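Please read the structure below before turning to the comments.
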Amino acid sequence: MTNAMAHSRGRRNPADGRAPVRRAAATVGVIFLVIGVLGFIPGITTHYSDLYWAGHNSEAKLLGLFQVSVLHNIVHLLFGVAGLVLARTISGARTFLVGGGAIYLVLWLYGLVVDQHSTANFVPFNGADNWLHLLLGVGMIALGLLTTRGANRR
């Protein structure tokens with residue numbers, strides 16, 4: 001029989017021995033890895049022949065919606081690796097979620113300010129990317145804070 005307190009936020013889950021924040025960071029990391037890989041698959045990425053290294057001229061779109069480039073896909077892969085590496089500790093997982101969320105909020109603001117057809121849009125971003133960045137930023141920060149509320153961080 002498990003103790004009811006074992007499931008409270010920030011505590012280890014007896015089923016897998018990992019704190020909720022570590023599971024959340026690892027899950028987000030895996031999602032980023034999958035998205036990064038999918039960005040290189042023709043068919044899942046439409047206009048694949050228009051996939052460029054970087055810049056607003058890359059017309060490739062992940063799922064026909066999110067503008068991507070090789071650089072954009074690599075950034076997703078790196079975020080995924082960072083999530084998995086940092087998920088090894090509670091403090092690392094929280095840092096990944098809150099810090100990564102803050103980065104995505106900055107990217108959202110950047111995407112709103114920068115002209116999508118200028119060279120400053122080097123990653124590149126489109127309107128769908130911008131709103132996804134807002135959701136990712138808020139969601140990652142919320143996960144990082146809510147899954148460690150009241151926990152002993154180590």
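Only a predicted model underlies this, so the values are computations on that prediction, with no experimental measurement involved.
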Validation: residues 103-111 side-chain donor-acceptor distances under 3.5 Å, sequence neighbours left out:
| unit_1 | atom_1 | unit_2 | atom_2 | d |
| --- | --- | --- | --- | --- |
| Tyr110 | OH | Ala120 | O | 2.4 |

*Assign the ring pair His72 / His133 to parallel, tilted or perpendicular, where the plane angle (0 to 90°) is split at 30° and 60°.*
tilted
*Are the side chains of Tyr52 and Val70 in touch, meaning some heavy atoms are under 4.5 Å apart?*
no
_Rounded to the nearest 0.5 Å, what separates atom CH2 in Trp131 from atom CG in Leu112?_
5.5 Å
_Just so I know, are the side chains of Thr89 and Arg94 near enough to count as touching, which here means a heavy-atom distance under 4.5 Å?_
no
*CZ-CD1 distance between Phe79 and Ile35, expressed to the nearest 0.5 angstrom*: 14.0 Å
*Under the criterion side-chain contact (heavy atoms from CB on, under 4.5 Å), which of Thr148, Val21, Ile141 is the partner of Leu97?*
Val21
*If only atom types and distance count, is the side chain of Asn73 paired as donor or acceptor with the main-chain N or O of Gly39 below 3.5 Å?*
yes
*Excluding sequence neighbours, so at least two apart, what forms ring-ring contact (aromatic ring centres under 6.0 Å, His included) with Phe96?*
none
*asked:* If hydrophobic clusters are built from ILVMFWY residues whose side chains come within less than 4.5 Å, do Leu135 and Val28 share one?
replied: no
*When clusters are formed by joining ILVMFWY residues with side-chain heavy atoms under 4.5 Å apart, either directly or through shared neighbours, do Phe125 and Trp53 land in the same one?*
yes
*Backbone N/O of Tyr48 and side chain of Thr45: donor-acceptor pair under 3.5 Å*: no
*Indicate if Val85 and Val34 have the same hydrophobic cluster label, given that clusters are the connected sets of ILVMFWY residues with side-chain heavy-atom separations under 4.5 angstrom.*
yes
_Can you tell me how far apart CG (Leu86) and CD1 (Ile90) are? Round to the nearest 0.5 Å._
13.5 Å
